[in-house]
Amino acid sequence: MKDDRTCLITVVVPIYNVERYLKQCVDSLLHQSVQNHKIVLVNDGSKDRSGEIAKAYAKQYPDRITYIAQKNAGLGAARNTGLKYVDTPYVIFLDSDDWMMPRTIEHVTREAGYSAEAFDLAFMMPVVYNMASCQYEEWKDKCYLEEIFRQNGKILNPRQVPQLYGTEANICRCVLRVSFLKELHFQFQEGVKWEDVFPHFYLLYWARRCILIRDAGFFYRINSGNQITASVNMDRMDMIPVFSSAFAYAVAQDWKKTEAAYIFSMMMDFIIWSLHATTRKVQVKLVRGLHDLCRAVPGAYYKAYVKMVRPSLMNRLIWHGLRSPFFYRLLGNNHKLRAARQAYEKAGKIKRIRRRRYE
């Protein structure tokens, strides 16, 4: 199915060392059921054959694909570069190790109705592809998001329905009105990981018309080993400036406590995950930075978070521990505590085995 009307959407694809997956990604964009979109490929200093592959596609499809090469500057910078080349009413960002569902452009076009003002932000519903199990899995917040729209209507305003802040922070699952981004002079944070966190709250705060397009989306690859968004241990330090920016903006704009509570909730998810998944060396530094961040967050936000989420006792203890001048050091030694607990449990198991032998 083709459509000759003026292009409605540009898909921006940042590229970094993904030669194994890039063809699947670009082919999924070229073979959409409706052809009223452009493609911008931004090679962010790849060291493998990714640039060569992308350049060949641009040469083969010069009327549809724009290719840009730049020195490696990170995902946020690559997206900002691609955004400069967008001249359509809407934009979608797609990571180069993922691939788009074949009727996504068609479904987005149907919802937009060829109007440049149909919505500020449209949520899509991606599907997770787990390479470890070769299984397709539902997106984490699928049921949560569908329930929000089911209860509140087709077009929502996040300030009236703050539950939208509780959706997963992933800019690739959104279709964005380009004039909306220009009105806000929007750019991604550069030089940090987790560059989707601040835009998630910032764009939702200013969006006046949000919709859900259930049949549109992409396949999100996990456990590939070299995802464009993959993190190494030191990258987890970036959660501190990222959430600092989000809280600083919430304070400056005098957000309602119920709105800021969603930032708090996401931060706690990041903290708990990082404390379990970070190496000993990084964890000590990370906890020290989190101590300063948590002490700076207004206590009213924590109270709103407790009332809204009703977190577990462990989550509350972690929060209070991070704020404490003394106890946050214990969290910094979490690896030692975990090793001691495992040794204790192992010793107890050995004792039980010996006891049974002599009974």
Side-chain angles (χ1 to χ4, degrees), residues 89-93 104 107-108 110-113 115-127 138-181 183-184 186 194 196-218 220 242-243 245-270 297-298 300-311 315:
Y90 297 96
V91 62
I92 297 173
F93 295 94
T104 291
H107 291 305
V108 173
R110 180 196 66 220
E111 292 295 333
S115 167
E117 302 290 331
F119 52 79
D120 297 328
L121 183 153
F123 291 96
M124 298 187 291
M125 198 62 76
V127 172
E138 284 189 350
W139 194 254
K140 181 180 178 181
D141 63 8
K142 180 178 185 293
C143 295
Y144 174 82
L145 188 58
E146 288 182 334
E147 184 64 15
I148 292 174
F149 279 90
R150 188 187 69 79
Q151 289 186 359
N152 297 280
K154 184 176 180 180
I155 301 175
L156 304 184
N157 182 324
R159 295 210 200 170
Q160 296 172 342
V161 187
Q163 292 92 329
L164 287 172
Y165 292 114
T167 55
E168 189 169 359
N170 186 303
I171 205 71
C172 293
R173 64 99 57 97
C174 299
V175 186
L176 298 161
R177 178 167 63 87
V178 174
S179 57
F180 167 63
L181 298 180
E183 288 163 10
L184 297 174
F186 172 76
W194 327 125
D196 286 356
V197 171
F198 181 76
H200 172 79
F201 294 104
Y202 177 72
L203 295 175
L204 279 174
Y205 180 74
W206 290 108
R208 292 296 173 268
R209 294 170 62 85
C210 296
I211 68 170
L212 171 62
I213 309 176
R214 292 175 176 81
D215 300 320
F218 60 95
Y220 178 70
V242 163
F243 280 100
S245 298
F247 279 118
Y249 192 78
V251 171
Q253 295 294 322
D254 196 23
W255 278 32
K256 297 176 183 176
K257 295 173 187 176
T258 51
E259 294 174 317
Y262 285 100
I263 304 178
F264 199 104
S265 180
M266 188 179 293
M267 179 186 71
M268 290 305 298
D269 288 343
F270 269 69
V297 174
Y301 292 172
Y302 170 71
K303 292 178 182 178
Y305 159 73
V306 170
K307 185 176 180 180
M308 180 184 73
V309 177
R310 299 187 183 280
N315 283 25

Show the nearest heavy-atom pair for residues Ala118 and Glu111, with the distance to one decimal.
CB-O, 4.2 Å
Could you check whether any side-chain heavy atom of Leu203 comes within less than 4.5 Å of a side-chain heavy atom of Leu184, counting everything from C-beta outward?
yes
Taking salt bridge (Lys or Arg N to Asp or Glu O under 4.0 Å) as the test, write out the residues that go with Arg150, two or more places apart.
Glu147
List for me each residue that meets ring-ring contact (aromatic ring centres under 6.0 Å, His included) alongside Phe180, sequence neighbours excluded, and say none if there are none.
none
Would you say the ring centroid of Phe201 lies under 6.0 angstrom from that of Tyr249?
no
Heavy-atom nearest pair, Ala216 first then Met124, reads O-CB, 3.4 Å
Would you call Phe243 and Met266 a side-chain contact if the rule is heavy atoms closer than 4.5 Å?
yes
Val161 and Gln151: side-chain contact (heavy atoms from CB on, under 4.5 Å), yes or no, with the steps?
CA-CA 10 Å; Val161 187; Gln151 289 186 359; over 6 Å; no
Name of the residue among Tyr262, Tyr205, Tyr301 meeting ring-ring contact (aromatic ring centres under 6.0 Å, His included) with Trp255
Tyr205
Tell me, please, which residues at least two apart from Arg208 pass side chain to side chain contact (heavy atoms under 4.5 Å, CB included).
Asp120, Asn157, Arg159, Trp206
Output field: ring centroids Trp139/Phe123 closer than 6.0 Å:
no
Are the side chains of Met308 and Phe264 in touch, meaning some heavy atoms are under 4.5 Å apart?
no
Give a yes or no on whether the backbone of Thr167 and the side-chain of His200 come within a donor-acceptor separation of less than 3.5 Å.
yes
Between Thr104 and Gly217, which heavy-atom pair has the shortest distance, and what is it?
OG1-O, 2.7 Å
How are the rings of Tyr202 and Phe186 set to each other: parallel, tilted or perpendicular (split at 30° and 60°)?
parallel
Smallest heavy-atom separation, Leu204 atom then Tyr165 atom, equals CB-CE2, 3.8 Å
What I'd like to find out is whether the side chain of Arg173 reaches to under 4.5 Å of the side chain of Tyr220, using heavy atoms alone.
no
So how far is it from Cys210 SG to Asn152 CG, rounded to the nearest 0.5 Å?
12.0 Å
Apply side-chain contact (heavy atoms from CB on, under 4.5 Å) to the pair Arg209 and Glu117, showing each step before the final yes or no.
CA-CA 9 Å; Arg209 294 170 62 85; Glu117 302 290 331; over 6 Å; no
Go through the steps to decide whether Tyr305 and Asn315 satisfy the test side-chain contact (heavy atoms from CB on, under 4.5 Å), and finish with yes or no.
CA-CA 11 Å; Tyr305 159 73; Asn315 283 25; 3.7 Å; yes
Looking at Gln163, is its backbone amide N or carbonyl O close enough to the side chain of Tyr144 to form a donor-acceptor pair, meaning the two atoms are under 3.5 Å apart?
yes
Nearest 0.5 Å please: distance from the SG atom of Cys174 over to the OH atom of Tyr90.
14.0 Å
Atom CZ of Phe149 and atom CD1 of Ile213: how far apart are they, to the nearest 0.5 Å?
9.5 Å
When you compare the side chain of Phe247 with that of Ile263, does any pair of heavy atoms fall below 4.5 Å?
yes
Heavy-atom closest pair (Pro158 atom, Ala207 atom, distance to 0.1 Å) is CD-O, 3.3 Å
So CE of Met125 and CG of Leu212: to nearest 0.5 Å the spacing works out to 4.5 Å
Is there a side-chain contact between Phe218 and Ile92 in this structure, where contact means two heavy atoms from C-beta onward sitting under 4.5 Å apart?
no
Can you name the nearest heavy-atom pair linking Asn170 to Cys172, along with the distance?
OD1-N, 2.9 Å
Quick check: do Met268 and Val309 have side-chain heavy atoms less than 4.5 Å from each other?
no
Is the shortest heavy-atom distance from the side chain of Leu176 to the side chain of Ile171 under 4.5 Å?
yes
